[in-house]
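Take a look at the structure set out below.
As the structure lists them, so they are numbered: ligands from 1, and atoms in each ligand from 1.
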Amino acid sequence: MRIDEDDGSSGSLLERGVRRLEWARDHMPVLAGVRERLIREGTLMGVRIGMALHVEAKTGMLALSLEEAGAQVSLASCNPLSTDDSVSVALREHFGLATYACRGETEEDYYSHLNSVLDLAPQVAVDDGGDLVTLLHTTRTDLLDGVWGGCEETTTGIVRLKAMEKDGALKYPVIDVNDAKMKHLFDNRYGTGQSTLEGIMVGTNLLLAGRRMVVAGYGWCGRGIAMRAKGMGARVTVTEVDPVRAIEALLDGMDVAPMDEAIAEADFLVTVTGCSGVVRPEHFRVAKDGIVVASAGHFDIELGLAGLADIAEEERQVRDDVTRYVLADGRRIDVLAQGRLVNLAVGQGHPVEIMDMSFAIQALAVEHIVKNRDTLAPGVHPVPRAIDEMVAWAALEANGVDVDRLTDAQCAYLASWKEGT
Ligand code: ADE
């Protein structure tokens, strides 16, 4: 069953959404600690926060946490196909949170929802992928003076923001949540690793063991997908354009090949590069018959689906989330979720414990903007190290794990340069 369907056996959409949010609340202890402190200290009281994130249960908990801490929150989706409708309905109707998102929304509705978020005149703009910040800097420029700052969740958004910064176009400070260690090391690697395989498995119900999976891109997300696919018994080939990452993949035990060679052997192919046109008609023409193709990148630009449609003789739906393209020679190419990020469009997004850490960073980054709004200059700013460490200690505690502390003698040794052989 798809997550946005209501089979009648487990209550209404709204009830299911409330349960999903409560489940997330039960498994997000790090965010809970941040929330309780923010409520106590009142830093966010009355602050207007506009958010464009994937609208599902963990995101809902971030939004509710900020609202419980006194902020006024407005939430839209950052992708037309990633919304969990049960959560969207529950946030709006049960929790009274201004939520504008529905799975499968048209591009027009998508932008109208982002505009509804901006109608709040947010002082803090929390973004995933950079569409909210772009809208603010193009059509809603009248609001820019009132924005204290923003946060960006993902690699794709950071790439766009850095391009804006380089052009001198970025008008407010943005905290680069993606590059916090407690975000990308775990969210991008273990989160994307697990949720992408979940999306592929739920979408196809096919076996991974013994099959060849091509992973295009060996950044943190690609490393996670490749590692988990290998763990499931798949034989993994990595494609890369960066020679260092290609060597890393090789030494991690992956096969490495260019796309035209890799795709010819592939049972599954997943792109996670952040770049457009990774798989093109010349690749599809030599793909293995029956290949399952998906993307876990933020935008649906990695698989050249328009090019595939051009060379296909036939296109039809063969499962809920699978579109089959048949080429002139009879070769079948099965595309998951229209090339949209498979881990959220088919799967349920990253595991709760992963988003607990990522969204604790987000909440602390919002607090950082509010507290430092008078001194932060426009531009992209790293997450302060103290925030990363705070979340790491809280996550260790949540996992029931303690670690050693340096002794005074060890601190003195590390601070000195005279001691040697
Ligand atoms: N759930 C909420 N935001 C997410 C993201 N950026 N990636 C995966 N799962 C998510």
Is there side-chain contact between [X] and [Y], with at least one heavy-atom pair below 4.5 Å?
X      : Y      : value
Tyr325 : Arg316 : no
Met213 : Ile200 : yes
Arg373 : Val147 : no
Glu198 : Gln348 : yes

ask   = Below 4.0 Å from any atom of ligand 1, is there a heavy atom belonging to Thr59?
value =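 It does, in that a heavy atom of Thr59 comes within the 4.0 Å cut-off of ligand 1.
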
inquiry  = Tell me whether Asp128 reaches ligand 1 (any heavy atom closer than 4.0 angstrom to a ligand atom).
reply    =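 Within the 4.0 Å threshold, so yes.
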
request  = May I ask you to identify, for Thr192, whether its side chain, its backbone, both or neither come under 4.0 Å of ligand 1 on a heavy-atom basis?
outcome  =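 Within the 4.0 Å criterion, Thr192 makes no contact with ligand 1.
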
ask   = Which residue owns the protein heavy atom closest to atom 5 (C) of ligand 1, what's the atom, and how far is it?
value =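 The closest heavy atom on the protein side is His54 CD2, 3.6 Å.
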
query = Got a sec, which pairs hit salt bridge (charged side-chain N to carboxylate O under 4.0 Å, His left out) with one end in residues 344-368, sequence neighbours left out?
reply =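 Only Arg37-Glu367, Glu367-Lys371 qualify under salt bridge (charged side-chain N to carboxylate O under 4.0 Å, His left out).
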
His137 ring center within less than 6.0 Å of Tyr172 ring center =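 Yes; His137 has its ring centre under 6.0 Å from that of Tyr172.
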
Does the N or O separation between [X] and ligand 1 drop below 3.5 Å for any pair?
X      : value
Asn343 : no
Asp187 : no
Glu56  : yes

message = Only heavy atoms of Gly349, strictly under 4.0 Å: list the atoms of ligand 1 that pass.
response =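 Contacts of ligand 1 toward Gly349, numbered from 1: 9 (N).
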
query = Can you list the ligand 1 atoms lying under 4.0 Å from a non-hydrogen atom of Met355?
reply =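 Answer, ordered by atom number: 1 (N), 2 (C), 3 (N), 4 (C), 10 (C).
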
message = Tell me every residue that passes side chain to side chain contact (heavy atoms under 4.5 Å, CB included) with Gln72, counting only those two or more places apart in sequence or in another chain.
response =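 Gln72: side chain to side chain contact (heavy atoms under 4.5 Å, CB included) contacts with Arg48, Leu120.
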
